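Single-structure report; data block below.
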Amino acid sequence: MRELWYANVAVIGASGGIGAALADRLDEGGIDNVFRLARTAAPGSDSFFIDIRDETSIAEAAAAIKARAGALDLVIVATGVLQDSDGLKPEKLLRAVTADAMEAAFRTNAIGPALVAKHFLPLLRRDTRTVFAALSARVGSISDNRLGGWYSYRASKAALNMVIRTAAIELARTRPQGICVGLHPGTVATPLSAPFQRGVPTPQLFSPERAADLLLDVIEKLTPGESGYCLAWDGSVVPF
Ligand SMILES: NC(=O)c1ccc[n+]([C@@H]2O[C@H](COP(=O)([O-])OP(=O)(O)OC[C@H]3O[C@@H](n4cnc5c(N)ncnc54)[C@H](OP(=O)(O)O)[C@@H]3O)[C@@H](O)[C@H]2O)c1
């Protein structure tokens with residue numbers, strides 16, 4: 001089992017396919033504290049409630065973790081939504097776009113992670129290398145968009161990439177060894193991608209465990225010079 005350098009880690013969205021796999025892998029890596037944050041809190045003293053659409057719950061979770069651990073070495077935001085039961089879906093055409101659905105995508109995929117950064121970046125240690133990583137998506141790349149469709153998801157992930165870039169600049173002022181990135185996990189077999197897995201060749205469809213291993217490899221190798229970028233599961237830069 002790999003030995004990891006972090007002492008205190010928070011995984012936000014620990015109930016999700018990728019988030020749970022990341023938290024499990026980190027737990028297996030001999031880390032002192034792996035804090036799991038989710039709307040549906042798993043039983044256990046290291047689990048905390050968070051709804052990233054509710055800033056009060058984000059602030060309360062950050063305060064509770066600060067009281068427990070003091071400071072964090074790594075924060076991973078593994079929340080996200082592509083479709084929901086209220087009408088958000090990956091739109092094929094402009095005529096399917098609605099304000100309510102697009103707003104829902106932005107609240108979860110861009111505004112939520114921005115508020116998490118607001119309350120969790122101050123928890124990062126000041127004197128050592130630390131990482132804040134939010135799961136983004138290659139489809140949030142503007143220059144890489146050749147297929148079209150998925151207006152709300154694409155636009156919300158593009159907005160997330162800008163939040164990450166801007167937060168990276170601010171983070172560097174107080175924590176020169178702090179790193180703030182977006183991560184594209186590849187296509188991963190989770191509930192989020194379930195309706196779209198048909199047609200993805202098996203070697204390109206990662207299990208959550210494989211995706212977690214690949215993402216942790218990328219995180220371990222990150223340098224401050226890569227802060228503000230979006231990196232894919234293989235460590236390559238996803239163009240904005
Ligand atoms: N799977 C892929 O192929 C793929 C590809 C590219 C990017 N991504 C990105 O990877 C990330 C993780 O996705 P996944 O595949 O692991 O999806 P998933 O299994 O559906 O997990 C999504 C997670 O987000 C959480 N979440 C959603 N809204 C929330 C809220 N308001 N407050 C707190 N938690 C909330 C869910 O919590 P609940 O359990 O409470 O609903 C769940 O834990 C997402 O950002 C996604 O866009 C995934």
Side-chain angles (χ1 to χ4, degrees), residues 10-25 35-42 47-62 75-86 88-90 101 103-117 119-120 133-141 144-145 150 152-161 163-164 181-212 214-216 218-219 230-234 238:
V11 179
I12 292 138
S15 59
I18 301 172
L22 282 164
D24 289 347
R25 282 292 194 257
F35 299 114
R36 296 174 186 246
L37 294 89
R39 279 189 295 201
T40 43
S47 295
F48 297 84
F49 173 79
I50 198 166
D51 179 343
I52 64 160
R53 292 171 308 183
D54 170 16
E55 185 172 359
T56 303
S57 84
I58 299 171
E60 286 175 359
V75 177
I76 303 178
V77 185
T79 49
V81 68
L82 174 57
Q83 55 189 341
D84 65 21
S85 52
D86 294 326
L88 171 63
K89 53 181 175 292
E103 187 181 321
F106 270 76
R107 284 199 73 82
T108 300
N109 293 340
I111 299 168
L115 294 173
V116 172
H119 291 282
F120 279 76
L135 293 192
S136 186
R138 187 179 295 279
V139 296
S141 165
D144 189 62
N145 182 2
W150 296 29
S152 295
Y153 186 72
R154 281 185 188 277
S156 64
K157 290 292 189 179
L160 169 63
N161 289 342
V163 168
I164 288 164
V181 290
L183 294 176
H184 167 62
T187 305
V188 188
T190 67
L192 181 139
S193 66
F196 311 98
Q197 290 168 14
R198 220 163 5 117
V200 179
T202 309
Q204 286 168 35
L205 182 63
F206 298 143
S207 68
E209 295 73 23
R210 171 102 177 110
L214 291 165
L215 293 173
L216 289 174
V218 173
I219 288 170
C230 180
L231 300 168
W233 53 271
D234 59 358
V238 177

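Remember, it's 1-based here, ligands and their atoms both numbered in the order they're listed. Fair warning: this is a prediction, and the values are worked out from it, not measured in the lab. Because only heavy atoms are used, hydrogens play no part in the values below, and waters and symmetry mates are left out as well, while side chains stay in.
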Notebook entry, point to check: Nearest to atom 3 (O) of ligand 1, what protein heavy atom do you find, and at what distance?
Noted result: V188 N, 2.8 Å

Next item on the list: Please write down residue, atom name and distance for the protein heavy atom closest to atom 17 (O) of ligand 1.
Entry: L192 CB, 3.3 Å

Margin query: For A10 versus F120, what's the shortest heavy-atom pair and its separation?
Written below: CB-CE2, 4.4 Å

Notebook entry, point to check: For ligand 1, is V81 a contact, meaning one of its heavy atoms is under 4.0 Å away?
Noted result: no

Notebook entry, point to check: Is the backbone N or O of R107 less than 3.5 Å from a side-chain atom of R53, with the two atoms forming a donor-acceptor pair by type?
Noted result: no

Next item on the list: Heavy-atom contacts with R53 under 4.0 Å: which atoms of ligand 1 show up? List them by number with element.
Entry: 31 (N)

Note to self: My understanding is that we take every heavy atom of each candidate and find the minimum distance to atom 24 (O) of ligand 1. Doing that for A21, P113, G80, which one comes out nearest?
What the structure shows: G80

Item checked: G13 touching ligand 1 at heavy-atom level, < 4.0 angstrom -> yes

Checklist line | Minimum side-chain heavy-atom gap T108-I52 below 4.5 Å | finding: yes

Margin query: Distance under 4.0 Å to a non-hydrogen atom of I52: what atoms of ligand 1 satisfy this?
Written below: 30 (C), 31 (N), 32 (N), 33 (C)

Item checked: Closest contact, heavy atoms only, N161 versus S136 -> OD1-OG, 2.8 Å

Margin query: Is the contact between T108 and ligand 1 made by the side chain, the backbone, both, or neither, using heavy atoms and a 4.0 Å cut-off?
Written below: side chain

Check: At what distance is the nearest protein heavy atom to atom 16 (O) of ligand 1, and which residue and atom is it?
Finding: I18 N, 2.9 Å

Item checked: Minimum-distance protein heavy atom relative to atom 12 (C) of ligand 1 -> A78 O, 3.2 Å

Next item on the list: Provide, to 0.1 Å, the distance between atom 29 (C) of ligand 1 and the closest protein heavy atom, together with that atom's residue and name.
Entry: R39 CZ, 3.5 Å

Checklist line | L215 and L135: CA distance, side-chain angles, deciding distance, side chain to side chain contact (heavy atoms under 4.5 Å, CB included) verdict | finding: CA-CA 10 Å; L215 293 173; L135 293 192; 4.0 Å; yes

Checklist line | Per-residue contact class, T190 against ligand 1 - non-hydrogen pairs under 4.0 Å | finding: side chain

Check: Is it the side chain (CB and beyond), the backbone, both or neither of S136 that lies under 4.0 Å from ligand 1, heavy atoms counted?
Finding: backbone

Next item on the list: May I ask you to list the atoms of ligand 1 that are less than 4.0 angstrom from any heavy atom of G17?
Entry: 16 (O), 18 (P), 19 (O), 21 (O)

Note to self: Minimum distance, heavy atoms only, to atom 8 (N) of ligand 1: which one of A137, G16, P185 is it?
What the structure shows: P185

Note to self: For A110, is there any backbone N or O sitting under 3.5 Å from a side-chain donor or acceptor partner on S156?
What the structure shows: no

Margin query: How close do V116 and I12 get, counting heavy atoms only, and between which atoms?
Written below: CG1-CD1, 3.6 Å

Item checked: Heavy atom of the protein closest to atom 44 (C) of ligand 1 (residue, atom name, distance) -> T79 O, 3.3 Å

Next item on the list: Would you please test L22 and R25 for side chain to side chain contact (heavy atoms under 4.5 Å, CB included) and show each step?
Entry: CA-CA 5 Å; L22 282 164; R25 282 292 194 257; 5.9 Å; no

Next item on the list: Check each atom of ligand 1 against the heavy atoms of P191 and keep those under 4.0 Å away; list them by number with element.
Entry: 19 (O)

Next item on the list: Locate the shortest heavy-atom distance separating F196 from Q83; write the atom from each residue and the value.
Entry: CE1-NE2, 4.0 Å

Item checked: Of all pairs that satisfy salt bridge (Lys or Arg N to Asp or Glu O under 4.0 Å), the ones with a partner from residues 11-24, not counting sequence neighbours -> D24-R36

Notebook entry, point to check: Is there a donor-acceptor contact under 3.5 Å from the side chain of D86 to the main chain of A101?
Noted result: no

Next item on the list: Mind listing the closest non-hydrogen atom pair of V238 and L231 along with its distance?
Entry: CG2-C, 4.2 Å

Next item on the list: Under 4.0 Å, heavy atoms only, figure out whether ligand 1 is touched by the backbone of S15, its side chain, both or neither.
Entry: both

Next item on the list: Would you confirm whether R39, through its side chain, and D51, through its main-chain N or O, come within 3.5 Å as a donor-acceptor pair?
Entry: no

Note to self: Under 4.0 Å from a heavy atom of G186: which atoms of ligand 1 are those, numbered in the order shown and with their elements?
What the structure shows: 2 (C), 3 (O), 4 (C), 5 (C), 6 (C)

Checklist line | atom 31 (N) of ligand 1: nearest protein contact (heavy atom, Å) | finding: D51 OD1, 2.8 Å

Next item on the list: With heavy atoms under 4.0 Å as the rule, classify the contact between K157 and ligand 1 as side chain, backbone, both or neither.
Entry: side chain

Notebook entry, point to check: Counting each atom of ligand 1 from 1 as listed, which ones have a heavy atom of L135 under 4.0 Å away?
Noted result: 10 (O), 11 (C), 12 (C), 45 (O)

Next item on the list: Mark up the atoms of ligand 1 that fall under 4.0 Å of a heavy atom belonging to Y153, in ascending order.
Entry: 7 (C), 8 (N), 46 (C), 47 (O)

Checklist line | Which atom of L183 lies closest to which atom of V218, heavy atoms considered | finding: CD2-CG1, 4.0 Å

Check: Which ligand 1 atoms are under 4.0 Å away from a heavy-atom of I50?
Finding: 32 (N), 33 (C)

